Colleague: 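Take this structure first; my questions come after.
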Amino acid sequence: MIKVFLVEDEAILRRGIRDGIRWEEHGFEFVGEAGDGEYAYPLILKAEPDILITDVRMPFMDGLELSRLVKKELPRTKIVILSGYDEFSYAKTGIEIGVSDYLLKPITAEKLIQALRKVADQIRDEREKQRLLERYFASYEKYTEFLDRTDYSGADRKLVGNFLKLGSAEESQVFVDEFFDATGENNYQSLLLRQYIVMDIFYCIQEFLKEIGADIGQKQDLLNDIGRIPGAVNTVETTKRYLTAIFVQALESRDQVSSNRYGSLIEDAKAYIGEHFASSDFSLNTVAGYIGVSPSYFSSIFKQETGQSFINYLTKVRMDKACELLRCTTLRIVDVGERVGYSDSHYFSATFKKVIGKTPKEYKNS
């Protein structure tokens with residue numbers, strides 16, 4: 001069972017979450033609740049939950065401060081933030097703290113369970129990783145001793161993740177070579193450390209492929225067989241060849257998923273943008289929430305599939321509509337700006353000139 005603790009200052013909402021979900025049916029154990037962060041903190045330390053669900057704005061101690069304290073004492077606890085405010089600063093701070101998900105209120109029980117299942121899958125993967133490390137490498141404790149004596153702190157997961165999202169199979173060998181250069185020869189010459197690096201990257205790839213829903217078939221044999229790793233890391237060169245091969249297979253799997261799924265996903269996003277771009281508070285988070293993925297993931301696949309950033313695409317949609325309104329209606333420029341999502345007429349005019357090359361007035365008169 002995955003243990004869950006809830007912190008929410010709105011009593012009705014807290015009871016609704018606590019009583020409205022059949023926790024055990026979904027593989028969870030509800031281990032506690034509290035109405036503010038200050039009261040919750042000692043209860044959380046005692047319960048040691050696998051997942052903490054917490055509101056952002058609460059009296060005495062807010063959810064972000066509570067998350068910082070919990071992560072410091074219970075680093076393996078995953079945190080899901082609830083917020084009634086679609087503010088980038090909250091999400092950014094949450095990412096820096098290590099929050100697993102950021103959900104906007106109001107949220108249904110179904111949406112919450114979906115998010116919790118994703119986090120629970122991460123927890124199970126980490127537990128399995130630990131189990132396999134101990135199974136395949138009897139000297140696992142030596143890793144900790146060795147790492148304590150080096151300046152190596154583990155694979156840069158952000159770097160690996162970015163390559164998996166944006167790199168190509170053809171770039172895999174170059175990426176692996178550069179990764180080893182960054183690790184440092186004194187580090188990667190050690191067999192123990194090479195095993196550690198490869199295991200870390202192997203699980204980065206596994207988590208990435210699981211997140212995008214890739215079907216790892218028999219053709220991707222290297223991605224299915226962790227037992228190959230001990231024999232693959234005998235030398236630096238065999239290690240590099242192995243890593244290059246699994247990156248190639250992973251990126252080919254990603255591209256297959258992309259061709260099968262991303263196309264329809266992005267089309268849904270474009271259609272949603274086309275219907276709602278006129279809202280002044282329309283954002284990347286809004287679209288990501290609609291199609292059911294995290295904002296950072298949506299940003300990556302949107303750029304990967306369209307060749308442009310979300311904000312550039314949204315701006316072009318708005319400017320195309322603005323041009324149409326300026327040509328075909330007698331609306332005032334300030335009204336045109338509002339019709340395409342700009343409450344500030346000066347900002348609208350500046351953006352229009354930057355994109356179109358003329359001010360709205362010049363464009364209308366021409």
Side-chain angles (χ1 to χ4, degrees), residues 1-130 157 207 211 285 289 293-297:
M1 286 283 188
I2 302 293
K3 297 190 293 184
V4 177
F5 194 101
L6 171 65
V7 185
E8 167 61 63
D9 66 324
E10 297 180 42
I12 294 175
L13 178 57
R14 188 171 70 250
R15 288 195 296 269
I17 293 175
R18 181 194 65 196
D19 301 333
I21 294 175
R22 296 177 179 176
W23 297 98
E24 292 189 2
E25 288 184 13
H26 297 286
F28 298 103
E29 178 187 359
F30 191 86
V31 296
E33 61 178 291
D36 69 78
E38 190 172 74
Y39 177 68
Y41 182 57
L43 299 178
I44 293 168
L45 295 185
K46 183 177 180 180
E48 296 187 352
D50 300 299
I51 301 176
L52 167 63
I53 307 169
T54 178
D55 190 9
V56 169
R57 292 196 173 184
M58 298 182 295
F60 308 114
M61 180 191 295
D62 68 26
L64 295 178
E65 180 59 26
L66 174 63
S67 297
R68 286 191 187 93
L69 293 174
V70 170
K71 272 295 182 183
K72 183 177 180 181
E73 295 299 322
L74 303 172
R76 292 187 179 180
T77 294
K78 306 295 184 185
I79 298 174
V80 175
I81 291 285
L82 303 180
S83 176
Y85 302 88
D86 185 5
E87 294 185 15
F88 176 72
S89 60
Y90 285 143
K92 182 175 182 292
T93 304
I95 291 170
E96 291 169 352
I97 294 170
V99 167
S100 296
D101 210 341
Y102 182 90
L103 305 175
L104 292 177
K105 297 178 183 178
I107 184 166
T108 63
E110 182 182 357
K111 283 282 188 183
L112 181 57
I113 281 295
Q114 287 177 358
L116 293 178
R117 281 176 175 165
K118 287 176 63 176
V119 177
D121 285 342
Q122 294 174 12
I123 292 170
R124 294 187 184 101
D125 286 344
E126 290 174 3
R127 290 175 179 175
E128 179 67 4
K129 176 182 177 181
Q130 180 76 13
R157 284 176 166 254
E207 290 163 11
E211 180 183 359
N285 284 0
V293 299
S294 70
S296 60
Y297 184 53

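The model shown is predicted, which means the values in this text are computed figures rather than measured ones. Along the sequence shown, residues carry numbers from 1.
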Colleague: Which heavy-atom pair separates Glu38 from Met61 by the least distance, and what is that distance?
Modeller: N-CB, 3.6 Å
Colleague: Would a 4.5 Å heavy-atom cut-off, applied to side chains only, mark Asp50 and Lys3 as touching?
Modeller: yes
Colleague: Could you report the tightest heavy-atom contact between Gln122 and Ser100, atom names first, then the distance?
Modeller: OE1-OG, 4.2 Å
Colleague: Can you tell me if Glu10 uses its side chain to pair, donor with acceptor, with the backbone of Ile12 under 3.5 Å?
Modeller: no
Colleague: Would you give the length of the straight line joining atom CZ of Arg127 to atom CG of Asp125, rounded to the nearest 0.5 angstrom?
Modeller: 11.0 Å
Colleague: If we only count heavy atoms from C-beta on, is the Asp36 to Asp9 side-chain gap below 4.5 Å?
Modeller: no
Colleague: Working note: Glu24 + Met1, criterion side chain to side chain contact (heavy atoms under 4.5 Å, CB included); need CA distance, chi angles, decisive distance, verdict.
Modeller: CA-CA 8 Å; Glu24 292 189 2; Met1 286 283 188; 4.0 Å; yes
Colleague: Go through the structure and list residues passing ring-ring contact (aromatic ring centres under 6.0 Å, His included) with Phe30, not counting sequence neighbours.
Modeller: Trp23
Colleague: Would you compute the distance between atom CG of Leu64 and atom CE of Met58 and round it to the nearest 0.5 angstrom?
Modeller: 9.0 Å
Colleague: Can you tell if the side chain of Leu66 reaches within under 4.5 Å of the side chain of Ile79, non-hydrogen atoms only?
Modeller: no
Colleague: Verify side chain to side chain contact (heavy atoms under 4.5 Å, CB included) between Thr54 and Val70, making sure each step is shown before the conclusion.
Modeller: CA-CA 11 Å; Thr54 178; Val70 170; over 6 Å; no
Colleague: Assess whether a salt bridge exists between Arg124 and Asp121, defined as any Lys/Arg side-chain N lying under 4.0 Å from an Asp/Glu carboxylate O.
Modeller: yes
Colleague: Taking all heavy atoms of Leu103 and all of Ile107, pick out the closest pair and write down the distance.
Modeller: CD1-CD1, 3.3 Å
Colleague: Apply side chain to side chain contact (heavy atoms under 4.5 Å, CB included) to Ile17 and Glu33, showing your working.
Modeller: CA-CA 10 Å; Ile17 293 175; Glu33 61 178 291; over 6 Å; no
Colleague: To the nearest 0.5 angstrom, please state how far the CZ atom of Arg14 sits from the CG atom of Leu6.
Modeller: 7.0 Å
Colleague: Which heavy atom of Gly20 sits nearest a heavy atom of Ala109, and at what distance?
Modeller: O-CB, 4.4 Å
Colleague: So which atom in Ala47 and which in Phe5 form the shortest heavy-atom distance, rounded to 0.1 Å?
Modeller: CB-CD1, 4.4 Å
Colleague: With a 4.5 Å limit on heavy-atom distance, are the side chains of Leu52 and Leu74 in contact?
Modeller: no
Colleague: Does the pair Thr77 and Ile44 meet the rule for a side chain to side chain contact (heavy atoms under 4.5 Å, CB included), with working shown?
Modeller: CA-CA 10 Å; Thr77 294; Ile44 293 168; 5.7 Å; no
Colleague: Using a 4.5 Å cut-off on heavy atoms from C-beta on, say whether the side chain of Ile53 contacts that of Leu116.
Modeller: yes
Colleague: Measuring from atom CD of Gln114 to atom OG1 of Thr108, what distance do you get when rounded to the nearest 0.5 angstrom?
Modeller: 7.0 Å
Colleague: Which atom names give the shortest non-hydrogen contact between Phe28 and Ala120, and what distance separates them?
Modeller: CE2-CB, 3.9 Å
Colleague: When you compare the side chain of His26 with that of Ile21, does any pair of heavy atoms fall below 4.5 Å?
Modeller: yes
